[in-house]
Peer 1: 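Mind looking over this structure? Questions follow.
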Amino acid sequence: MADAVEMPDGPNLEEDSVVLDAKGLRALAHPVRVQLVGLLRKYGPSTATRLAERLGVNSGTASYHLRQLGAAGFVEEDTERGNARERWWRSVHRTTWFSDPELAEREPEATLAYQQSVAAIYTLRTQQTLNGLQTMPRAWRNTFDMSDWALRLTPEEAAALYRELAEVIARYRRDAPETAATAPERAERVAVITQILPELDAPAVSSLPSDPQEEEGSPTS
């Protein structure tokens, strides 16, 4: 639920974005914290109790992780909403960027934990949409898509592909709770998830059989 992005050649940052450093990466190396940040960005300020209900954890667990996120600068108290009995939290940033290969090498365990958390959240998002697909209005049901294309690219071409995709997405309206009221009628939140997944176990062209009949399991005359 966090808007987490990895960019091959460095981010084109917005003012309300944060680039992960070692401290931030370690702070987000926990699935509950990634989800908490994502919920605050999606729904706006909330309390530990309400966030805990959404995540299916107890409020003490949510409070602990919110304090850790606060210490790392990802969330802060919303003093305009809070009171002596109820503490409200809000996200400090709108998006998170992870774009430092050297940091990933220095912090391999934290990097893997963070990336696994983000991947799990993306899977959860997809499953939640699938579960509600049949009850969606037809116009939105017809926009749903899960596609994949197999390409054979160099690392440079893959990086260029990412940049082109990012440029297309940037042309469209970003979502935030505070700007939802100004969006056009019928506009709803849409999650666009891009994944460029190197599959280095695929055979190279030189290792493929030149004659289809030579392929194992193919009929021969």
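When a residue number appears, it is its place in the shown sequence, counting from 1. Only this structure's heavy atoms are used, side chains among them; waters, hydrogens and symmetry mates stay out.
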Peer 1: For Gln127 and Leu130, run side-chain contact (heavy atoms from CB on, under 4.5 Å): C-alpha distance rounded to whole Å, both residues' side-chain angles, the deciding distance at 0.1 Å, then the answer.
Peer 2: CA-CA 5 Å; Gln127 192 60 58; Leu130 285 170; 4.2 Å; yes

Peer 1: With a 4.5 Å cut-off on side-chain heavy-atom distances among I, L, V, M, F, W and Y, is there a chain of contacts connecting Leu165 to Leu153?
Peer 2: yes

Peer 1: State, yes or no, whether a side-chain contact exists between Arg33 and Tyr64 at a heavy-atom distance under 4.5 Å.
Peer 2: yes

Peer 1: Which heavy atom in Ser59 sits nearest to a heavy atom in Ala48, and how many Å separate them?
Peer 2: O-CB, 4.1 Å

Peer 1: If we only count heavy atoms from C-beta on, is the Asp16 to Val92 side-chain gap below 4.5 Å?
Peer 2: no

Peer 1: Do Asp100 and Leu25 touch side chain to side chain, with heavy atoms closer than 4.5 Å?
Peer 2: no

Peer 1: Taking side-chain hydrogen bond (donor to acceptor under 3.5 Å, both in side chains) as the cut-off, I'd like each qualifying pair that reaches into residues 138-148, sequence neighbours left out, listed once.
Peer 2: Asp145-Ser147

Peer 1: We want to know whether Thr95 and Ser17 form a side-chain donor-acceptor pair, criterion being a heavy-atom distance below 3.5 angstrom.
Peer 2: yes

Peer 1: Of all the heavy-atom pairs spanning Ala204 and Arg152, show the shortest one and how long it is.
Peer 2: CA-NH1, 4.1 Å

Peer 1: Pick out which of Leu66, Thr47, Leu36 makes a side chain to side chain contact (heavy atoms under 4.5 Å, CB included) with Trp89.
Peer 2: Leu66

Peer 1: Measure from NZ or CZ of Arg50 to the centre of the six-membered ring of Tyr43 and say whether it is under 6.0 Å with the direction within 45° of the ring axis.
Peer 2: no

Peer 1: To the closest 0.5 Å, what do you measure between CG (Leu151) and CD (Glu157)?
Peer 2: 9.5 Å

Peer 1: Take Met136 and Glu188 through the side-chain contact (heavy atoms from CB on, under 4.5 Å) test and state the conclusion after the steps.
Peer 2: CA-CA 12 Å; Met136 283 185 187; Glu188 302 286 352; over 6 Å; no

Peer 1: Would you sort out whether Leu20 and Tyr114 count as a side-chain contact (heavy atoms from CB on, under 4.5 Å), showing the intermediate values?
Peer 2: CA-CA 11 Å; Leu20 290 185; Tyr114 170 66; 3.8 Å; yes

Peer 1: Apply side-chain contact (heavy atoms from CB on, under 4.5 Å) to the pair Ser117 and Leu28, showing each step before the final yes or no.
Peer 2: CA-CA 9 Å; Ser117 296; Leu28 284 182; over 6 Å; no

Peer 1: So Thr179 and Thr182, do their side chains get closer than 4.5 Å, heavy atoms only?
Peer 2: yes

Peer 1: Would you compute the distance between atom CG of Leu161 and atom OG1 of Thr154 and round it to the nearest 0.5 angstrom?
Peer 2: 10.5 Å

Peer 1: So do Phe74 and Leu40 actually touch side chain to side chain, heavy atoms under 4.5 Å?
Peer 2: no

Peer 1: Can you tell me how far the NZ atom of Lys42 sits from the CG atom of Asp175, to the nearest 0.5 Å?
Peer 2: 9.0 Å

Peer 1: Distance-only criterion, 3.5 Å: show the donor-acceptor pairs between side-chain atoms of residues 192-201 and protein atoms not counting sequence neighbours.
Peer 2:
none

Peer 1: What's the shortest heavy-atom distance between Trp88 and Pro45, and which atoms?
Peer 2: CZ3-O, 3.3 Å

Peer 1: Out of curiosity, Asn58 CG to Ser63 OG, how far, rounded to the nearest 0.5 Å?
Peer 2: 8.5 Å

Peer 1: For the backbone of Val57 and the side chain of Thr61, can you confirm whether one donor and one acceptor N or O come within less than 3.5 Å of each other?
Peer 2: no

Peer 1: Check whether the side chains of Ser46 and Arg81 place a donor and an acceptor atom closer than 3.5 Å, and report yes or no.
Peer 2: no

Peer 1: So does Glu102 have more than 12 non-hydrogen atoms from other groups sitting under 6.0 Å from CD?
Peer 2: no

Peer 1: Is it true that a side-chain atom of Arg41 and a backbone atom of His93 form a donor plus acceptor pair closer than 3.5 Å?
Peer 2: yes

Peer 1: Measuring only between side-chain heavy atoms, which start at C-beta, is Trp97 closer than 4.5 Å to Val18?
Peer 2: no

Peer 1: Do you know the tightest heavy-atom contact between Ala71 and Lys23?
Peer 2: O-NZ, 3.4 Å

Peer 1: Which heavy atom of Leu103 sits nearest a heavy atom of Asp21, and at what distance?
Peer 2: CD2-C, 3.7 Å

Peer 1: Return the orientation label for the His30 and His65 ring planes: parallel under 30°, perpendicular over 60°, tilted otherwise.
Peer 2: tilted

Peer 1: Just how far is it from atom CD1 of Ile169 to atom CZ of Arg174, taken to the nearest 0.5 Å?
Peer 2: 9.0 Å

Peer 1: In the structure I gave you, are the side-chain heavy atoms of Arg90 and Glu77 within less than 4.5 Å of one another anywhere?
Peer 2: no

Peer 1: Does Arg173 reach the side chain of Pro184, with side-chain heavy atoms less than 4.5 Å apart?
Peer 2: yes

Peer 1: If you look at every heavy atom in Gly44 and Pro177, which pair is closest and at what distance?
Peer 2: N-CG, 3.4 Å

